[in-house]
Amino acid sequence: MTIQKYLLAALSASGVLTLAACGGGDFIPNPYKFPDKGTPVASTVTIDFNTGIDGWRADVADYTDKDRPTEVAFGWKDLPAPLNGKGYYLAARNNRANDVLTYATRQLEGFVPTTKYALTFEMRYATDAATGCTGAGGSRGDSVYMVAAANYYNINTVERSDGHFRMNVDRGNQAVSGTEGKVLGTQGVAGLDCTGGRWASTTRKSSEAIVVTSDKDGRFWIALGADSGFEGSNAFYLQGAIINIKPL
């Protein structure tokens with residue numbers, strides 16, 4: 001089977017750090033166009049946030065009006081020393097819900113319309129969270145779960161009938177995977193300091209695939225993020241991802 005490889009590279013430095021209010025929003029980015037819409041083939045999409053974050057949108061989920069994070073931050077920033085390059089900085093402060101999902105999402109296109117694909121993810125990110133530490137409601141290293149999600153429609157944060165703001169796909173929650181979102185592992189890196197401040201780059205991989213059906217135009221959405229069961233603030237840098245895509 002032919003393997004096609006694509007590089008998803010955002011070329012603009014427009015994503016400076018901003019403080020953003022919680023909620024979904026209706027902004028749909030222009031998708032990066034892949035060249036082939038023919039017979040379904042296996043492909044590999046490589047995402048590199050060192051080159052920029054154009055086409056991506058960040059948001060938070062898993063909160064109510066009473067306990068929503070009071071401040072979230074998203075932006076394209078220099079990685080902290082001793083790391084080099086840039087990354088997509090995602091942060092949520094004052095996590096009173098003890099359950100906040102921070103994520104970035106975008107649309108991919110160029111696939112065969114209404115076709116099932118199996119997606120597996122390898123996420124690269126930077127963190128200063130150590131393993132084996134204690135904390136309120138858990139620890140940043142062991143109670144924050146790196147996740148990936150995919151679906152054919154715009155991944156967003158929506159208010160549900162019970163008053164909770166959730167991602168509009170079956171992501172699961174914290175350590176539990178759903179049908180449209182999978183846990184890749186916990187955030188922490190062994191050997192870092194429990195007090196934070198010393199950063200390292202690491203990767204987490206899927207142990208099972210997400211099955212997604214492309215829409216009538218051969219498109220679907222992906223999301224990368226962290227689902228926190230830690231009551232305090234959390235911040236990390238998305239550096240990139242490799243998505244292996246196989247038609248079913």
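Between Tyr89 and Tyr237, the distance separating the two ring centers is shorter than 6.0 angstrom.
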Query raised in the report: So Asn168 and Ile155, side-chain contact (heavy atoms from CB on, under 4.5 Å) or not? Walk me through it.
Result: CA-CA 6 Å; Asn168 61 343; Ile155 295 178; 4.2 Å; yes
Report task. Tell me, with the steps shown, if Arg198 and Asp128 meet salt bridge (charged side-chain N to carboxylate O under 4.0 Å, His left out). Result -> CA-CA 5 Å; Arg198 188 158 65 93; Asp128 66 342; over 6 Å; no
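No side-chain heavy atom of Asn154 sits under 4.5 Å from any side-chain heavy atom of Gln107. Between Asn234 and Gln187 the shortest side-chain heavy-atom distance falls below 4.5 Å. Proximity of Val100 to Val72: side-chain heavy atoms (C-beta onward) are nowhere separated by under 4.5 Å. Side-chain contact between Phe111 and Pro247 is absent, with no heavy atoms from C-beta onward closer than 4.5 Å. No side-chain heavy atom of Lys182 sits less than 4.5 Å from a side-chain heavy atom of Ser207. Under the 4.5 Å side-chain criterion, counting only non-hydrogen atoms from C-beta, Arg171 is in contact with Val183.
Screening Asn151, Val169, Asp170 for a side-chain contact (heavy atoms from CB on, under 4.5 Å) with Thr179, the sole residue that qualifies is Asp170. Here the options are Arg166, His164, Gln174, the test is side-chain hydrogen bond (donor to acceptor under 3.5 Å, both in side chains), and the partner is Asp62; only Arg166 passes.
Closest heavy-atom contact between Phe165 and Thr157: CB-CG2, 3.9 Å. When all heavy atoms of Tyr88 and Ala104 are compared, the closest pair comes out as CE1-CB, 3.6 Å. Of all non-hydrogen atoms in Ala200 and Leu83, the two that sit nearest each other are C-CD1, 4.1 Å.
Atom CG in Leu238 sits 10.0 Å away from atom CD1 in Ile53 (nearest 0.5 Å). Here Leu184 contributes atom CG and Tyr145 contributes atom OH; the two are 13.5 Å apart, rounded to the nearest 0.5 Å.
With respect to the salt-bridge test (charged N to carboxylate O, under 4.0 angstrom), the residues Asp162 and Arg160 do not qualify.
Aromatic ring orientation, Phe49 versus Trp56: perpendicular (interplanar angle above 60°, classes split at 30° and 60°).
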